[in-house]
Amino acid sequence: VGVKEDSFNVLDLAEYTKNRPWWRKVFAPSSGSSAEKYNVATQLVIGGVTGWCTGFIFQKVGKLAATAVGGGFFLLQIANHTGYIKVDWKLVERDVNKAKQQLKFHSSGNKMSPEVKSRVDEVIIFLKKNVILTGGFAGGFLLGMAS
């Protein structure tokens with residue numbers, strides 16, 4: 001009977017995670033693609049459930065926000081009509097036109113900063129690697145919005 005020698009590798013987690021982004025610290029280094037970890041059905045279920053929850057909450061919050069904004073405008077119109085407040089419409093029109101000019105100026109360049117471009121590229125790479133999970137999330141989100 002041969003003697004079996006066990007060898008153990010010691011992993012210093014503090015050193016290991018020092019130069020890693022926060023999501024890799026949480027989800028482990030191989031979290032780039034969930035296709036490596038889960039089968040297709042599991043990815044669809046995870047994506048669908050999280051998408052449905054997000055869509056449902058988004059729908060409820062959206063209704064609440066629309067009600068608050070609409071009610072606020074309604075109350076302002078009543079206050080303006082009854083004389084509690086006076087709106088300088090010429091000033092409002094001038095400010096809106098100034099904002100339109102600034103938007104046209106900023107959108108004419110149509111160039112993203114390098115930081116934004118790198119983040120967008122990271123998101124696109126993540127979505128491509130996790131296309132099944134993303135598809136499940138999108139479907140679940142639409143179902144959550146509809147329910």
Side-chain angles (χ1 to χ4, degrees), residues 8-147:
F8 296 101
N9 291 333
V10 176
L11 178 63
D12 184 7
L13 290 178
E15 195 64 36
Y16 180 72
T17 59
K18 205 177 272 185
N19 295 324
R20 302 234 185 259
W22 68 269
W23 61 87
R24 296 219 177 164
K25 290 178 188 175
V26 173
F27 295 113
S30 65
S31 67
S33 174
S34 63
E36 300 167 0
K37 295 183 201 173
Y38 303 110
N39 62 24
V40 173
T42 305
Q43 290 181 59
L44 283 174
V45 168
I46 291 171
V49 168
T50 56
W52 183 86
C53 291
T54 304
F56 186 77
I57 291 170
F58 192 83
Q59 176 202 32
K60 297 299 179 187
V61 169
K63 282 183 182 179
L64 180 65
T67 303
V69 169
F73 283 134
F74 182 69
L75 289 175
L76 284 174
Q77 284 294 81
I78 289 175
N80 182 35
H81 183 70
T82 57
Y84 284 106
I85 61 171
K86 297 287 183 198
V87 177
D88 186 357
W89 290 109
K90 289 183 182 183
L91 179 63
V92 170
E93 184 179 357
R94 189 186 76 204
D95 287 345
V96 166
N97 287 334
K98 191 186 298 183
K100 283 182 185 177
Q101 291 300 323
Q102 287 179 348
L103 284 173
K104 285 181 185 175
F105 175 73
H106 289 304
S107 66
S108 65
N110 206 13
K111 292 185 179 179
M112 287 190 288
S113 69
E115 297 87 17
V116 173
K117 184 164 177 35
S118 93
R119 295 292 180 205
V120 168
D121 290 341
E122 283 181 31
V123 168
I124 290 171
I125 289 168
F126 176 81
L127 293 177
K128 284 181 180 178
K129 283 184 177 180
N130 296 294
V131 72
I132 296 170
L133 187 70
T134 304
F137 180 86
F141 182 82
L142 293 175
L143 285 173
M145 289 290 289
S147 59

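Worth saying up front: this structure is predicted, and the values here are computed from it rather than measured. Side-chain atoms are counted along with the backbone in the values below, which use heavy atoms only and exclude waters and symmetry mates.
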Nearest-0.5 Å distance that lies between atom CZ in Phe58 and atom SG in Cys53: 15.0 Å
Heavy-atom side-chain contact between Leu64 and Lys60 under 4.5 Å: no
Of Lys98, Lys100, Arg94, which meets side chain to side chain contact (heavy atoms under 4.5 Å, CB included) against Val96? Lys100
Say you draw a straight line from NZ of Lys128 to OG1 of Thr134; how long is it, rounded to the nearest 0.5 Å? 12.0 Å
For the residue pair Met145 and Gln59, what are the closest heavy atoms and their distance? O-NE2, 3.2 Å
Going from CG on Leu103 to CD on Gln101, what distance comes out if it is rounded to the nearest 0.5 angstrom? 9.5 Å
Min side-chain heavy-atom separation Asn80-Trp89 under 4.5 Å: yes
Kindly give the heavy-atom pair with the smallest separation between Ser147 and Trp52, and that separation in Å. OG-NE1, 3.3 Å
Please round to the nearest 0.5 Å and tell me the distance separating atom NZ of Lys63 and atom OG1 of Thr67. 9.0 Å
Which distance, rounded to the nearest 0.5 Å, do you find between the CD of Glu93 and the CG of Asp88? 10.5 Å
Ile78 side chain reached by Tyr84 side chain, heavy atoms, under 4.5 Å: no
Looking at Ile46 and Thr50, what are the two nearest heavy atoms and their distance? O-OG1, 2.9 Å
Might you work through the salt bridge (Lys or Arg N to Asp or Glu O under 4.0 Å) test for Arg119 and Glu122, ending with a clear yes or no? CA-CA 5 Å; Arg119 295 292 180 205; Glu122 283 181 31; 3.5 Å; yes
So CD1 of Ile132 and CG of Leu44: to nearest 0.5 Å the spacing works out to 6.5 Å
